[in-house]
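Per chain, numbering begins at 1; letters A, B, ... match sequence-line order. Predicted model, so just to flag it, every value in this text is computed and none were measured.
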Amino acid sequence: MYINEAKDNVNNYVEVKGWVYNMRESGKVIFILVRDGSGIMQSVVSKNDVDEKVFEDAKKLTQESSIVVRGIVREDKRAPFGYELLVKELEMLQLTENYPITPKEHGVGFLMEHRHLWLRSKRQWAILRIRHRIEKSLRDFFDSRGFTLIDAPILTPAACEGTTTLFETNYFDEKAYLSQSGQLYMEAAAMAFGKVYCFGPTFRAEKSKTRRHLMEFWMLEPEVAFLTFEENLKLQEEMIYYVVQEVLKNCKIELDIIERDTKMLEKVVPPFPRIHYRDAIELLNKKGVNIKYGDDFGGDEETVLANEFEKPVFVHHFPKEIKAFYMQPDPEDPGTVFAADLLAPEGYGEIIGGSERIHDYDLLLQRMKENNLPIENYQWYLDLRRYGSVPHSGFGIGLERTLAWIAKLPHVRETIPFPRLLEKIYP
RNA sequence: UCCCCGUUAGCUCAAUCGGCAGAGCGGGUGGCUGUUAACCACUAGGUUGUAGGUUCGAGUCCUACACGGGGAGCCA
């Protein structure tokens, strides 16, 4: 039996294989918290109920020893998680000595050095289970709407957007770079499959050292032919709503373990508020932030803005100078582009960046020249505007920031199993 | 790249004005039949990050370096 099947096994004699999470001893009764990956269950060894040897073995157990226990499942209010196992038999597979992570406090540095073991802790288990649920619901959302998953390459010949610092690697006798975005490839795929998305790791060699940055992070990037700017925002709202609902529905135990107050999540219902970039600047100044039209937002500005709303908020119509070259200018206000960032509530900043893309060949070429991009490397991308070009839109959602927000974590380093942090790549 | 803080037992941290290096957890031993990060008693455990300097005397003050944390910029 797996521990999360306990409620269907009350009064059954079952076998649980796992690890000792923690122990308590009280004379003739020993309580062993056993974890098996699916959950944690208290196992009770009473001296009067078991053979002498079983009781003696149980006394010797240590944190993270691997064991097999057999006994009867009982419902009991005194047990953490509501069910417990009355142990009859116990097998020790390995008696662990000096497990480094104790049930008391540890510092971040120590825990990150032991990330491979830290994953066994209840809190990390809960967070990564929510991560899985978010990934699954994102996939389900797009799959059920007729999207095709198209995997983007990770080794790329040049910068996708030409702005950020990339990790460089050898590709035989050429230089290649780790992908920072699959978007341009998704644009090609959208012209072949209509509605597509990719979901994979992306890499930034920026020397960013904040609670919101990783060198390697996961991004899901949908791209849809014929999708307008307005429809793009609706797609994002529905996606966020779906993901949050799925987490609330399927991760009750996990949210409880990390003590997430779900009230704020329950408010995440479309439509989301929208604010024009121009109005956002004005609002920020009213709030005492010194920022002028044409400046990009930093972390502080995003937080001030997001705190004005209880739901995620779209900031749209940025000046084209501070946004990527491929974004479609608004014909009614050509200094701005059909782009929107979605800012998460509670200070988590940008979790989505999206836009309508330029579909006119001449305009795209002009914007690329303005941005000093090496045109010869982008001939394939220009081809998309040579052969049956259509309006299209898409966006990218950052998985780790989304999880950090949903789980209300202080730092993104806990949102990914093995974070790649600034100049730190162990374990 | 810049700014701030830190480095003392396996871990988390104390140590007053520069004057005997301590506690909790974890380890060990013993006790307890319903514990919830259990509790109680006893016990072992130290080149105070490294190298120099000031001083009768440095965990404490000064300099350099290393490592870690927080933030800025950059970025998502």
Side-chain angles (χ1 to χ4, degrees), chain A residues 21-33 40-50 55 59-60 62-64 74 76-82 84 86 96-114 117-118 121-123 159-166 179-181 183 201-221 257 295-302 322-324 341-344 348-354 395-402 404-405 410-413 415 421-424 426:
Chain A
Y21 190 71
N22 198 7
M23 303 231 334
R24 285 180 276 275
E25 210 185 312
S26 175
K28 309 236 165 34
V29 190
I30 299 168
F31 301 94
I32 310 165
L33 289 176
I40 296 175
M41 184 160 69
Q42 175 164 281
S43 304
V44 186
V45 186
S46 339
K47 190 162 188 168
N48 296 339
D49 283 358
V50 295
F55 191 78
K59 263 169 103 166
K60 284 185 217 139
T62 54
Q63 198 190 349
E64 288 304 320
R74 297 273 190 230
D76 195 315
K77 285 200 192 89
R78 293 171 296 184
F81 305 106
E84 64 182 22
L86 300 180
T96 291
E97 285 177 44
N98 299 323
Y99 185 69
I101 301 178
T102 66
K104 291 280 175 180
E105 266 174 39
H106 296 282
V108 171
F110 178 80
L111 289 169
M112 287 307 317
E113 280 289 305
H114 296 84
L117 302 176
W118 191 19
S121 300
K122 199 162 60 173
R123 179 182 163 80
C160 277
E161 302 183 16
T163 55
T164 60
T165 319
L166 303 178
S179 174
Q180 58 159 334
S181 165
Q183 185 202 310
T202 51
F203 307 88
R204 306 283 164 96
E206 301 289 342
K207 298 224 169 188
S208 300
K209 195 182 168 191
T210 80
R211 75 189 73 182
R212 292 188 303 275
H213 290 87
L214 295 165
M215 303 304 108
E216 176 183 312
F217 65 99
W218 284 64
M219 194 154 63
L220 187 148
E221 295 172 282
I257 287 173
D295 291 344
D296 207 351
F297 301 139
D300 292 347
E301 287 82 25
E302 287 181 352
I322 58 170
K323 284 291 172 183
D341 288 352
L342 185 69
L343 307 182
Y348 285 93
E350 181 184 348
I351 54 172
I352 296 179
F395 63 91
I397 173 168
L399 176 63
E400 286 76 16
R401 285 188 182 178
T402 303
W405 160 54
H411 197 297
V412 289
R413 67 182 151 224
T415 63
L421 298 162
L422 188 56
E423 285 162 9
K424 258 188 306 231
Y426 177 90

Could you go through nucleotides 2-8 of chain B and list every protein N or O atom that sits under 3.5 Å from one of its N or O atoms, giving the distance for each pair?
none

Need one value for [X]: base, sugar-phosphate or nothing, where a base atom within 4.0 Å counts as base even if backbone is also close, heavy atoms only.
X        : result
A:Lys424 : sugar-phosphate
A:Gly398 : nothing
A:His114 : nothing
A:Glu84  : base
A:Arg212 : base
A:Asn22  : sugar-phosphate
A:Phe31  : base
A:Asp49  : nothing

Measuring only the [atom1] atom in each nucleotide, how far is [N] from [M]? A whole number of Å is fine.
N      : M      : atom1 : value
B:rG71 : B:rC56 : C1'   : 43 Å
B:rA9  : B:rA66 : P     : 23 Å
B:rG53 : B:rC13 : C1'   : 29 Å

**OP:** Output the distance between atom CZ (A:Arg401) and atom OH (A:Tyr348), rounded to the nearest 0.5 Å.
**Re:** 12.5 Å

Over how many whole Å does the gap from [X] atom [atom1] to [N] atom [atom2] extend?
X        : N      : atom1 : atom2 : result
A:Lys77  : B:rG34 : NZ    : C1'   : 15 Å
A:Leu117 : B:rC11 : CG    : C1'   : 14 Å
A:Phe81  : B:rU35 : CZ    : P     : 18 Å
A:Lys323 : B:rC74 : NZ    : P     : 13 Å
A:Leu421 : B:rG71 : CG    : P     : 12 Å
A:Leu422 : B:rG68 : CG    : P     : 10 Å
A:Arg24  : B:rC32 : CZ    : C1'   : 15 Å
A:Lys28  : B:rG34 : NZ    : C1'   : 14 Å

Going by the rule salt bridge (Lys or Arg N to Asp or Glu O under 4.0 Å), which residues pair with [X] if we only count those two or more places apart in sequence or in a different chain?
X        : value
A:Lys207 : A:Glu423
A:Lys122 : none
A:Glu64  : A:Arg35, A:Arg120
A:Arg24  : none

Original post:
Under the criteria of a ring-centre distance below 5.5 Å and an interplanar angle below 30°, is A:Phe217 stacked with the base of B:rA76?
Top reply: yes

Which residues pass the side chain to side chain contact (heavy atoms under 4.5 Å, CB included) test with [X], not counting sequence neighbours?
X        : answer
A:Arg74  : A:Asn11, A:Ile72, A:Glu84, A:Leu86
A:Asp296 : A:Ile322
A:Glu25  : A:Ile30, A:Lys59
A:Thr202 : A:Phe217, A:Met219

Original post:
Does a donor on one side chain and an acceptor on the other come within less than 3.5 Å for A:Thr102 and A:His106?
Top reply: yes

**OP:** Counting Watson-Crick and G-U wobble pairs whose two distances are both under 3.5 Å, find the runs of 3 or more in a row that involve RNA chain B.
**Re:** B:1-7 with B:66-72, B:10-13 with B:22-25, B:27-31 with B:39-43, B:49-53 with B:61-65

Original post:
Taking the side chain of A:Ser26 as heavy atoms from C-beta outward, which of B:rU1, B:rC32, B:rA37 is closest to it?
Top reply: B:rC32

Original post:
Which one, B:rC74, B:rU12, B:rU35, comes nearest to the side chain of A:His106?
Top reply: B:rU12

Subject >> Residue list, ring-ring contact (aromatic ring centres under 6.0 Å, His included) with A:Phe297, at least two apart or on another chain >> reply: A:Tyr277

Do any N or O atoms of the protein come closer than 3.5 Å to N or O atoms of nucleotides 24-31 of chain B, and which pairs are they?
none

Original post:
When you check the gap from the basic side-chain N to the acidic O, do A:Asp49 and A:Lys28 get nearer than 4.0 Å?
Top reply: no

**OP:** Respond yes when some side-chain nitrogen or oxygen of A:Arg413 is under 4.0 Å from OP1 or OP2 of B:rG70, and no when none is.
**Re:** yes

Original post:
Is A:Arg401 near enough to B:rA76 that one of its side-chain N or O atoms lies under 4.0 angstrom from OP1 or OP2?
Top reply: no

